[in-house]
*Asks:* 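First the structure, which I've put down as structure tokens, then a few questions once you've had a look.
Along the sequence shown, residues carry numbers from 1. This one's a predicted model, so the numbers in the text were calculated from it and none came from an experiment.
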Amino acid sequence: MKNEFKLLNEAGLISEEALELLRQKSTDVSCQCPGHLLHIYKSIQAFTEYQKNCINATPQDEQIHKWLESTSLNLEHVLSNTIITLARLEGMIDENNQIRE
């Protein structure tokens, strides 16, 4: 039976459901690279969210935090694609973009 879910969310990033399924599968491969990438992704995701509520005492602060948020979101996109590509190479995701059982 295949998992029916969206690999990407509406923002074009790996979905939370896919992240959780890949986290569970990451222990099935001999190296720890998938698990490390998933951990880094979650950290960047948290940093992006943090920037939305960071203190802006001056207009320059606001500008800096908007830039940091944008840069962090770009990192999320790059890492999201990296995780998906690695999962394909490791055989965790099939040709139909489904996570293998």
Side-chain angles (χ1 to χ4, degrees):
M1 182 177 124
K2 296 277 185 187
N3 297 310
E4 294 299 328
F5 69 98
K6 290 186 178 185
L7 189 58
L8 300 176
N9 64 22
E10 53 282 340
L13 297 166
I14 191 167
S15 71
E16 288 299 317
E17 184 178 13
L19 282 171
E20 178 56 26
L21 290 169
L22 289 174
R23 187 194 61 74
Q24 292 170 15
K25 299 290 286 176
S26 70
T27 59
D28 294 348
V29 294
S30 57
C31 74
Q32 296 178 14
C33 291
H36 281 291
L37 285 175
L38 292 167
H39 177 74
I40 293 166
Y41 181 83
K42 293 303 273 181
S43 294
I44 293 170
Q45 197 177 43
F47 184 73
T48 302
E49 203 53 40
Y50 173 80
Q51 289 308 310
K52 294 176 182 175
N53 300 307
C54 205
I55 297 171
N56 294 314
T58 68
Q60 183 179 6
D61 288 347
E62 184 176 358
Q63 201 172 29
I64 289 169
H65 290 120
K66 283 185 180 193
W67 170 75
L68 283 171
E69 181 183 351
S70 175
T71 301
S72 185
L73 189 56
N74 286 337
L75 289 170
E76 281 187 53
H77 280 279
V78 169
L79 201 49
S80 181
N81 289 330
T82 302
I83 291 166
I84 290 168
T85 300
L86 178 60
R88 284 189 178 117
L89 292 170
E90 291 286 356
M92 290 189 255
I93 296 177
D94 67 18
E95 60 281 350
N96 297 313
N97 289 326
Q98 297 298 309
I99 295 180
R100 295 182 193 268
E101 297 283 333

*Asks:* Sort and list the pairs that fulfil salt bridge (charged side-chain N to carboxylate O under 4.0 Å, His left out) and have at least one residue in residues 49-58, not counting sequence neighbours.
*Replies:* Glu49-Lys52
*Asks:* Atom CD1 of Ile40 and atom NE2 of His36: how far apart are they, to the nearest 0.5 Å?
*Replies:* 8.0 Å
*Asks:* Between Leu7 and Ser15, is a side-chain contact (heavy atoms from CB on, under 4.5 Å) present by the stated rule, with each step listed?
*Replies:* CA-CA 6 Å; Leu7 189 58; Ser15 71; 5.8 Å; no
*Asks:* Please find the pair of heavy atoms, one from Ser80 and one from Leu8, that lie closest to each other, and give the distance.
*Replies:* OG-CD2, 4.4 Å
*Asks:* Work out which heavy atom in Ser26 is nearest to a heavy atom in Pro34; give both atom names and the distance.
*Replies:* CB-CB, 3.9 Å
*Asks:* Please enumerate all residues that pass side chain to side chain contact (heavy atoms under 4.5 Å, CB included) together with Ala11, with sequence neighbours excluded.
*Replies:* Asn9, Leu13
*Asks:* Suppose we screen for side chain to side chain contact (heavy atoms under 4.5 Å, CB included). Which residues come up paired with Asp61, at least two apart in sequence or across chains?
*Replies:* Asn56, Ala57, Thr58, His65
*Asks:* By side chain to side chain contact (heavy atoms under 4.5 Å, CB included), which residues pair with Glu16, not counting sequence neighbours?
*Replies:* Leu19, Lys42, Gln45
*Asks:* Name the one of Ile84, Leu22, Leu86 that satisfies side-chain contact (heavy atoms from CB on, under 4.5 Å) with Met92?
*Replies:* Leu22
*Asks:* Do Leu89 and Ile99 share a hydrophobic cluster (ILVMFWY, side-chain heavy atoms under 4.5 Å, transitive)?
*Replies:* no
*Asks:* Check whether more than 12 heavy atoms from other residues, nucleotides or ligands sit under 6.0 Å from atom NE2 of His77, and answer yes or no.
*Replies:* yes
*Asks:* What's the spacing between Lys6 NZ and Asn97 CG if we round to 0.5 Å?
*Replies:* 13.0 Å
*Asks:* Check whether Phe47 and Leu75 end up in the same hydrophobic cluster, where Ile, Leu, Val, Met, Phe, Trp and Tyr are linked by side-chain heavy atoms less than 4.5 Å apart.
*Replies:* no
*Asks:* Sorted by first residue and then second, give each salt bridge (charged side-chain N to carboxylate O under 4.0 Å, His left out) pair with at least one member in residues 64-77; sequence neighbours left out.
*Replies:* Glu62-Lys66
*Asks:* Only counting residues at least two apart or in another chain, list the ones meeting side chain to side chain contact (heavy atoms under 4.5 Å, CB included) with Thr82.
*Replies:* Leu37, Val78, Leu79
*Asks:* Is it true that, when you exclude Gln32 itself, more than 12 heavy atoms of the residues, nucleotides or ligands shown sit nearer than 6.0 Å to its CD?
*Replies:* no
*Asks:* Taking salt bridge (Lys or Arg N to Asp or Glu O under 4.0 Å) as the test, write out the residues that go with Arg23, two or more places apart.
*Replies:* Glu20
